[in-house]
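Because the structure is predicted, anything quoted here is derived from the model rather than measured. Each ligand, and each atom within it, is numbered from 1 in the order the structure gives.
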Amino acid sequence: MLRVGVTGGIGSGKSTVARRLGELGAHVVDADAVAREVVEAGEPTLLLIRERFGDGVVRDDGTLDRAALAAIVFPDGEALDALDAITGPAIAERVARQRGRVPAGVVSVYDMPLLVERGLWVHEHLSIAVEADVETRVRRLVEQRGLAEGDVRHRIAAQATDEQRRAVSDVVLDNSGSPAELVSAVDALWRDRLLPYEANLAAGIRSRRPDRASDCVVEPRPDWEARAERVVARLAAALEPTGVDTEVSHIGSTSVPGLLAKDVIDVQVGVRRLADADRDDVRAALADAGYVFSDGNHSDTPHPKGADPGGWAKRFLGGCDPGNHVHVHVREHGSAGWRFALLFRDWLRHESHERDAYAAEKRRLLAEHETTSDYVAAKEAWFEGAWQRANRWAERTDWRPR
Ligand code: ADP
């Protein structure tokens with residue numbers, strides 16, 4: 001089941017997007033609706049609120065007196081935190097229950113205003129931010145929903161900014177145009193990314209980079225770093241409950257600013273023992289996060305030539321998102337292969353002439369090799385020399401893996 005989070009500031013068009021995804025076939029959970037349900041008359045959460053804030057917050061008919069509760073919690077940060085501590089787990093539990101009932105093959109959408117503020121986006125396979133500038137949002141809410149302007153501006157100021165949302169969003173939908181334009185952007189996203197992503201997840205198929213090397217290798221893209229940061233955060237969150245000691249890092253050419261590269265985000269997961277990666281719960285956590293094990297790729301080419309291959313063992317997984325090709329290399333912390341991945345990155349980040357020489361070599365090989373796999377294989381010869389130079393640099397600069 002593909003989990004998609006939809007967020008946006010008040011009046012951005014978030015609900016409009018969630019509604020359209022529902023019409024297209026997604027199952028939608030509305031966080032605001034769940035937040036209202038958990039405090040309905042007779043709910044255990046309402047009893048807890050009454051215990052904490054007094055009888056005055058419940059009306060004679062047993063329903064929550066929102067105004068009375070707001071008067072207590074809004075001026076008092078501690079009281080607001082206490083309310084969040086009561087309602088937060090109840091909402092999370094109900095949302096999880098509702099999403100747990102979504103049948104396989106159906107996209108599960110979580111319409112959540114505080115996806116970013118609460119850090120919940122890491123549990124979604126994909127997060128979508130809906131954006132419109134503040135003045136447009138204020139106008140729409142005042143004119144169409146009859147809200148008071150001062151109230152709207154106050155709420156906008158209390159929410160995350162567009163920049164904060166964009167940093168953790170895989171997709172940004174611009175809603176400065178007409179409703180029809182927004183709907184057609186949602187339809188295209190559904191067709192081109194969400195449905196294929198869901199199909200890949202359901203079948204356990206990783207998304208493939210283009211076969212033609214010239215289609216795959218691109219000039220450096222400005223979004224590589226942010227894409228990698230999201231991958232790293234999601235993988236760390238997925239592995240956390242397994243208790244396995246891991247460190248997740250962005251590696252490879254997309255981690256070197258200014259270097260042309262295959263449009264693939266490479267990530268290294270360092271584990272204490274490689275056997276950890278083969279544990280059933282770890283595999284299940286990675287599969288749930290959208291990563292598929294590749295059983296035919298258990299080693300890197302050892303360096304220097306003839307070195308013990310044991311130090312170069314790994315596990316390899318590919319991500320299922322057709323809009324973000326991701327390769328995950330699981331290596332034993334401290335092994336030769338683990339160390340070289342980090343050294344190679346840091347060396348090329350610091351030695352711009354080496355980065356440029358590598359780019360020149362890539363261009364030469366691209367002209368010679370048509371398929372991406374031939375191109376990748378041809379790069380290996382260059383790597384042996386690079387390994388030597390990187391290690392000399394490490395010695396000279398007293399480099400240590402971080
Ligand atoms: P949110 O859920 O982010 O608060 P909504 O989807 O409810 O936002 O949209 C806020 C208001 O603006 C609604 O009244 C909605 O009908 C309207 N709206 C949304 N998108 C547009 C648009 N592109 N043009 C005009 N009005 C819009």
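Contacts of Ser178 with ligand 1, taken as heavy-atom pairs under 4.0 Å, involve the backbone alone. Under 4.0 Å from ligand 1, heavy atoms of Lys14 appear from its side chain as well as its backbone.
Heavy atoms from other residues, nucleotides or ligands lying under 6.0 Å from CG of Asp280 number 12 at most.
Side chains of Ser169 and Arg165: no donor on one and acceptor on the other come within 3.5 Å.
The cationic group of Arg339 does not satisfy the cation-pi geometry with Trp347, failing either the under 6.0 Å distance to the six-membered ring centre or the 45° limit from the ring axis.
Qualifying side chain to side chain contact (heavy atoms under 4.5 Å, CB included) partners for Pro401, counting only residues two or more places apart in sequence or in other chains: Trp338, Leu342, Trp399. Glu40 is linked by a side chain to side chain contact (heavy atoms under 4.5 Å, CB included) to Glu37, Glu43, counting only residues two or more places apart in sequence or in another chain.
Atom 16 (O) of ligand 1 has Gln144 OE1, 3.3 Å as its closest protein atom, hydrogens excluded (heavy atom only). Among all protein heavy atoms, the one lying closest to atom 18 (N) of ligand 1 is Arg140 CD, 3.9 Å. Scanning all protein heavy atoms for the shortest distance to atom 10 (C) of ligand 1 gives Arg145 NH2, 3.6 Å. Of the protein's heavy atoms, Ser15 OG, 2.4 Å lies nearest to atom 2 (O) of ligand 1.
The shortest separation from a heavy atom of Ser12 to ligand 1 is under 4.0 Å, placing the residue in contact.
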